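Shown next, in structure tokens, is the structure this report addresses.
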Amino acid sequence: MSDIADLTAKTYEIARLIPPGHVTTYGHIARLAGYPNHPRHVGNALKALPEDSTIPWQRVINAKGQISPRGDAGLGVARQKDLLEAEGVQVNSVMGGGEVVDLRRWGWFPEHV
DNA sequence: GAGTTGACTAGCT
DNA sequence: AAGCTAGCCAACT
């Protein structure tokens with residue numbers, strides 16, 4: 001079993017632990033999983049999820065608190081924003097089409113799980 | 001099998 | 001305060 005498969009599994013496992021109404025970052029999940037230098041793969045693992053997955057991928061955003069775009073003209077971003085707002089997370093629109101969450105208020109950053 | 005890409009970050013300018 | 005650079009490493013071309 002490769003380390004990466006382990007990280008992918010832990011990414012999903014940790015994502016499920018994020019409480020509704022909170023968000024965390026790619027880098028933090030990578031750290032909790034024990035792979036502090038692999039934040040990119042966390043994103044890669046999440047983008048591979050099917051749309052009807054039970055994993056709350058919408059609660060994972062980047063370290064700046066922004067919803068990362070994926071070159072689909074913002075469709076995925078809009079869907080993610082909807083899901084977060086439905087849980088009570090405030091998502092602020094930024095000029096240019098970006099969406100941002102205040103990590104000081106909605107962030108979930110446990111030391112370990 | 002080498003080069004490019006990316007749902008990232010931390011640090012410097 | 002906002003933007004750029006370097007570092008990172010698996011997946012894809």
Side-chain angles (χ1 to χ4, degrees):
Chain A
M1 177 178 190
S2 73
D3 288 354
I4 271 322
D6 183 47
L7 171 56
T8 302
K10 284 185 169 158
T11 294
Y12 297 155
E13 186 182 327
I14 293 166
R16 288 186 211 272
L17 298 177
I18 305 171
H22 291 76
V23 297
T24 192
T25 68
Y26 299 102
H28 196 77
I29 286 186
R31 273 203 323 164
L32 290 176
Y35 300 86
N37 303 334
H38 296 238
R40 308 184 88 123
H41 184 76
V42 172
N44 210 348
L46 292 178
K47 93 176 167 191
L49 289 171
E51 270 189 50
D52 57 3
S53 170
T54 60
I55 295 174
W57 57 272
Q58 72 274 19
R59 295 176 197 148
V60 186
I61 59 183
N62 70 27
K64 298 195 267 306
Q66 298 174 310
I67 298 177
S68 302
R70 319 73 166 141
D72 59 0
L75 294 180
V77 172
R79 181 160 52 245
Q80 186 167 358
K81 176 182 179 180
D82 267 358
L83 288 166
L84 288 175
E85 288 183 334
E87 313 185 333
V89 176
Q90 187 176 355
V91 183
N92 306 305
S93 293
V94 173
M95 287 291 290
E99 303 292 344
V100 123
V101 174
D102 185 353
L103 290 176
R104 292 176 313 177
R105 182 166 179 185
W106 309 106
W108 179 78
F109 302 107
E111 293 290 327
H112 61 284
V113 290

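All chains are named by letter (A, B, ...) in the order of the sequence lines, taking the proteins before the strands, and each is independently numbered beginning at 1. Because the structure is predicted, anything quoted here is derived from the model rather than measured.
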Set of residues satisfying salt bridge (charged side-chain N to carboxylate O under 4.0 Å, His left out) with respect to [X], sequence neighbours excluded:
| X | answer |
| --- | --- |
| A:Asp102 | A:Arg104 |
| A:Glu87 | A:Arg59 |
| A:Asp3 | none |

With side chains defined as the heavy atoms from C-beta onward, is the minimum distance between [X] and [Y] less than 4.5 Å?
| X | Y | answer |
| --- | --- | --- |
| A:Glu13 | A:Val113 | no |
| A:Tyr12 | A:Ser53 | no |
| A:Leu17 | A:Leu32 | no |

Open item on the list: If hydrophobic residues (ILVMFWY) are linked whenever their side-chain heavy atoms come closer than 4.5 Å, directly or via other members, who joins A:Val100 in its cluster?
Closed with: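 Result for A:Val100 is A:Val94.
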Open item on the list: Can you pull out the residues from residues 41-52 of chain A that lie within a 4.0 Å heavy-atom distance of DNA chain C?
Closed with: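 Per residue number, the list reads A:His41, A:Asn44.
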Open item on the list: Does anything in residues 75-90 of chain A come within less than 4.0 Å of DNA chain C? Heavy atoms only, and list the residues if so.
Closed with: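 Contacts with DNA chain C under 4.0 Å: none.
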Open item on the list: Under a 3.5 Å distance rule, please check whether A:Gln58 uses its side chain to pair with a backbone N or O of A:Gln80 as donor and acceptor.
Closed with: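 No.
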Task: Range on DNA chain C touched by chain A - first to last nucleotide, heavy-atom distance under 4.0 Å - done: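 Both ends considered, the range comes out as C:dG7 to C:dA11.
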Open item on the list: Restricting to side chain to side chain donor-acceptor pair (under 3.5 Å), what partner residues turn up for A:Thr25, sequence neighbours left out?
Closed with: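 Per chain and number, A:Thr25 pairs via side chain to side chain donor-acceptor pair (under 3.5 Å) with no residue.
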Task: side chain to side chain donor-acceptor pair (under 3.5 Å) involving A:Arg16 - partner list, sequence neighbours excluded - done: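 By the side chain to side chain donor-acceptor pair (under 3.5 Å) rule, A:Arg16 matches A:Thr54.
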- [ ] Would you list the pairs meeting ring-ring contact (aromatic ring centres under 6.0 Å, His included) in which at least one residue belongs to residues 80-113 of chain A, sequence neighbours left out?
- [x]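 Listed once each, the pairs are A:His28-A:Phe109.
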Open item on the list: Filter on ring-ring contact (aromatic ring centres under 6.0 Å, His included), then keep only pairs touching residues 32-70 of chain A, sequence neighbours left out; what's left?
Closed with: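 Every ring-ring contact (aromatic ring centres under 6.0 Å, His included) pair that includes a residue of residues 32-70 of chain A, provided the two are not neighbours, is A:Tyr35-A:His38.
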Below 3.5 Å is the cut-off: list the nitrogen or oxygen pairs between protein and nucleotides 9-13 of chain B, distance only.
{"unit_1": "B:dT9", "atom_1": "OP1", "unit_2": "A:Tyr26", "atom_2": "N", "d": "3.4"}
{"unit_1": "B:dT9", "atom_1": "OP1", "unit_2": "A:Gly27", "atom_2": "N", "d": "3.2"}
{"unit_1": "B:dT9", "atom_1": "OP1", "unit_2": "A:Ala63", "atom_2": "N", "d": "3.1"}
{"unit_1": "B:dT9", "atom_1": "OP2", "unit_2": "A:Ala63", "atom_2": "N", "d": "2.7"}

